[in-house]
**Student:** 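Structure incoming, see below.
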Amino acid sequence: MKSVILSSVLPIAVVVSTTAGMAEKTFAAERDKKFFQSVEGEWVGPGEIVAGKYKGTKFTCNFTGSTPDGKIGMSLDGGCRVGMFTQQMSATIQHKGREGYKGSFMGGAAGSGLDIIGGNVVSANKVVFTINRNQLRGVMQALVPNDNSMTVTVAVRVDQQLVPVIGMKLKRVDTVEVGSIAPN
């Protein structure tokens with residue numbers, strides 16, 4: 001009798017747990033998409049190097065945020081200006097299936113930047129990515145507290161502690177605001 005009950009309950013339990021797992025992944029994918037879509041558009045604002053050799057250097061950035069067609073991820077492309085000099089800057093992140101999030105900041109470790117080797121969307125308005133270059137380890141965090149502002153922080157690990165090194169406070173400068181009505 002016990003085996004008859006188990007043989008009829010076990011398949012139902014497997015289906016319920018599989019369905020719950022798929023629903024959780026679908027919810028996470030939708031939350032991730034929603035975050036990345038919130039980054040789409042034009043962004044400008046000041047930044048500062050807050051630690052290291054160039055501590056105190058202030059700069060102004062202009063970025064265009066976009067999302068790849070049919071994929072979960074984002075790109076921020078543009079540049080930051082210090083005085084007369086402009087440095088091109090970009091970050092590209094995509095979800096790569098079981099590998100999670102992968103991408104590059106400033107051309108990746110093969111260039112002059114950092115590899116993005118993992119991370120996740122923490123909430124509808126915050127994402128944290130793991131960054132890496134040789135022995136340098138750290139995180140890049142983006143916080144979008146509302147439709148018109150974004151804070152980006154890059155921190156590196158020094159003696160088991162994360163030390164912020166770059167901070168940017170960006171404002172949305174799109175010509176069309178979310179929910180606006182087009183003129184006739």
Side-chain angles (χ1 to χ4, degrees), residues 32 34-69 71-95 101-158 161-180:
D32 291 10
K34 184 177 179 180
F35 174 83
F36 294 128
Q37 288 170 343
S38 75
V39 175
E40 291 179 342
E42 304 295 320
W43 299 89
V44 299
E48 183 176 357
I49 299 174
V50 295
K53 182 178 177 180
Y54 299 105
K55 180 180 179 177
T57 302
K58 295 181 187 304
F59 50 90
T60 303
C61 298
N62 294 298
F63 294 112
T64 300
S66 62
T67 54
D69 290 336
K71 297 180 182 172
I72 300 174
M74 69 174 207
S75 290
L76 275 178
D77 290 309
C80 294
R81 183 175 45 82
V82 177
M84 301 182 334
F85 302 100
T86 299
Q87 172 69 48
Q88 292 299 106
M89 293 188 80
S90 67
T92 302
I93 299 110
Q94 280 190 11
H95 194 269
Y101 285 101
K102 301 287 182 191
S104 64
F105 175 66
M106 298 289 295
S112 61
L114 302 159
D115 290 333
I116 297 169
I117 59 171
N120 61 5
V121 177
V122 177
S123 67
N125 65 348
K126 182 179 179 181
V127 67
V128 178
F129 294 111
T130 306
I131 56 177
N132 179 28
R133 180 182 177 96
N134 301 327
Q135 289 80 28
L136 180 68
R137 305 277 190 266
V139 298
M140 179 173 22
Q141 172 183 294
L143 177 65
V144 183
N146 59 55
D147 288 340
N148 296 311
S149 64
M150 176 172 35
T151 304
V152 178
T153 306
V154 176
V156 296
R157 191 164 301 284
V158 178
Q161 222 175 350
L162 279 175
V163 177
V165 291
I166 299 173
M168 291 178 266
K169 292 185 179 187
L170 306 170
K171 297 287 181 196
R172 184 182 299 278
V173 293
D174 294 335
T175 55
V176 179
E177 291 186 26
V178 176
S180 67

**Student:** So, taking the atom named CE in M140 and the one named CD1 in I166, what distance separates them when rounded to the nearest 0.5 Å?
**Tutor:**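 Rounded to the nearest 0.5 Å, the CE-CD1 separation comes out at 9.5 Å.
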
**Student:** Given 3.5 Å as the limit, does a donor-acceptor pair link the side chain of R137 with the main chain of V158, or not?
**Tutor:**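 Not a single qualifying donor-acceptor pair exists.
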
**Student:** Working to the nearest 0.5 Å, report the span between CD of Q135 and CG of N132.
**Tutor:**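 Here the interatomic distance stands at 9.0 Å.
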
**Student:** Please report the shortest heavy-atom distance between T57 and F59, naming the atom on each side.
**Tutor:**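 Closest approach of T57 to F59: O-CD2, 3.9 Å.
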
**Student:** With no hydrogens and no angle check, is any side-chain donor or acceptor of R133 less than 3.5 Å from a backbone partner on A109?
**Tutor:**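 Yes, because the side chain of R133 sits within donor-acceptor range (under 3.5 Å) of the backbone of A109.
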
**Student:** Mark yes or no for whether D32, through its side chain, and F35, through its backbone, hold a donor-acceptor pair below 3.5 Å.
**Tutor:**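 Flag not set: sc D32 to bb F35 has no pair under 3.5 Å.
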
**Student:** Do N148 and K171 have side chains that get closer than 4.5 Å, going by heavy atoms?
**Tutor:**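 No - every pair of side-chain heavy atoms lies 4.5 Å or more apart.
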
**Student:** Find out whether M106 and Q87 are in side-chain contact, i.e. whether some heavy atom of one side chain is under 4.5 Å from a heavy atom of the other.
**Tutor:**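 Yes; the side chains approach each other to less than 4.5 Å.
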
**Student:** Name the atoms and distances for all side-chain donor-acceptor pairs under 3.5 Å in residues 48-55, with sequence neighbours left out.
**Tutor:**
residue : atom : partner : partner atom : Å
E48     : OE1  : K58     : NZ           : 3.2

**Student:** Would you check, one step at a time, whether the test side-chain contact (heavy atoms from CB on, under 4.5 Å) holds for L170 with V44?
**Tutor:** CA-CA 5 Å; L170 306 170; V44 299; 5.9 Å; no

**Student:** Let me confirm one number: the CE-CE distance from M168 to M150, rounded to the nearest 0.5 Å.
**Tutor:**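 Here the rounded value is 8.5 Å.
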
**Student:** Working to the nearest 0.5 angstrom, can you tell me the gap between T92 OG1 and L76 CG?
**Tutor:**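 Going from OG1 on T92 over to CG on L76, the span is 8.5 Å.
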
**Student:** For the backbone of E42 and the side chain of R172, can you confirm whether one donor and one acceptor N or O come within less than 3.5 Å of each other?
**Tutor:**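 A pair under 3.5 Å: no.
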
**Student:** Would you name the heavy atoms of G107 and S104 that are closest together and state the gap between them?
**Tutor:**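 That would be C-CB, 4.0 Å.
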
**Student:** Do the side-chain N and O atoms of T153 and Q141 include a donor-acceptor pair separated by under 3.5 angstrom?
**Tutor:**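 Not at all, the side chains of T153 and Q141 share no donor-acceptor pair under 3.5 Å.
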
**Student:** Is the closest side-chain donor-acceptor distance between S123 and N125 under 3.5 Å?
**Tutor:**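 Present: a donor and an acceptor within the cut-off.
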
**Student:** With heavy-atom distances below 4.5 Å as the criterion, would you say the side chains of N62 and W43 are in contact?
**Tutor:**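 Not in contact.
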
**Student:** Looking only at heavy atoms, what is the nearest atom pair of S90 and D77, with distance?
**Tutor:**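 Scanning both residues completely, I find the closest heavy atoms to be CB-OD1, 3.0 Å.
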
**Student:** I'd like to know if the side chain of N134 and the backbone of L136 have a donor-acceptor N/O pair within less than 3.5 Å.
**Tutor:**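 Checking the backbone N and O of L136 against the side chain of N134, no donor-acceptor pair under 3.5 Å is found.
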
**Student:** We want to know whether Q37 and T67 form a side-chain donor-acceptor pair, criterion being a heavy-atom distance below 3.5 angstrom.
**Tutor:**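 Result is no, nothing qualifies.
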
**Student:** Could you report the tightest heavy-atom contact between F63 and C80, atom names first, then the distance?
**Tutor:**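 Heavy-atom minimum between the residues: CZ-SG, 3.8 Å.
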
**Student:** Can the ring centres of Y101 and F36 be said to be less than 6.0 Å apart?
**Tutor:**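 When the ring centroids of Y101 and F36 are compared, they turn out to be within the sub-6.0 Å range.
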
**Student:** Using the side chain to side chain contact (heavy atoms under 4.5 Å, CB included) criterion, which residues pair with T130? Sequence neighbours excluded.
**Tutor:**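 Partners of T130 by the side chain to side chain contact (heavy atoms under 4.5 Å, CB included) criterion, ordered by chain and then number, come out as I117.
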
**Student:** For residues P68 and G73, report the shortest heavy-atom separation together with the two atoms involved.
**Tutor:**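 Smallest interatomic distance, heavy atoms only, reads CD-O, 3.4 Å.
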
**Student:** For A91 and F105, work out which heavy atoms get closest and say how close.
**Tutor:**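 What the structure gives for the nearest pair is CB-CD1, 4.0 Å.
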
**Student:** Side chains of V144 and V39, heavy atoms from C-beta outward: is any pair under 4.5 Å?
**Tutor:**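 Counting from C-beta outward, V144 and V39 do come under 4.5 Å.
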
**Student:** Does any part of the side chain of K102, heavy atoms only, come nearer than 4.5 Å to the side chain of Q94, both counted from C-beta?
**Tutor:**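 Answer no - side chains too far apart.
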
**Student:** I want to check something: taking the side chain as every heavy atom from C-beta on, are V154 and I131 in contact at a cut-off of under 4.5 Å?
**Tutor:**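 They are in contact (side-chain heavy atoms under 4.5 Å apart), so the answer is yes.
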
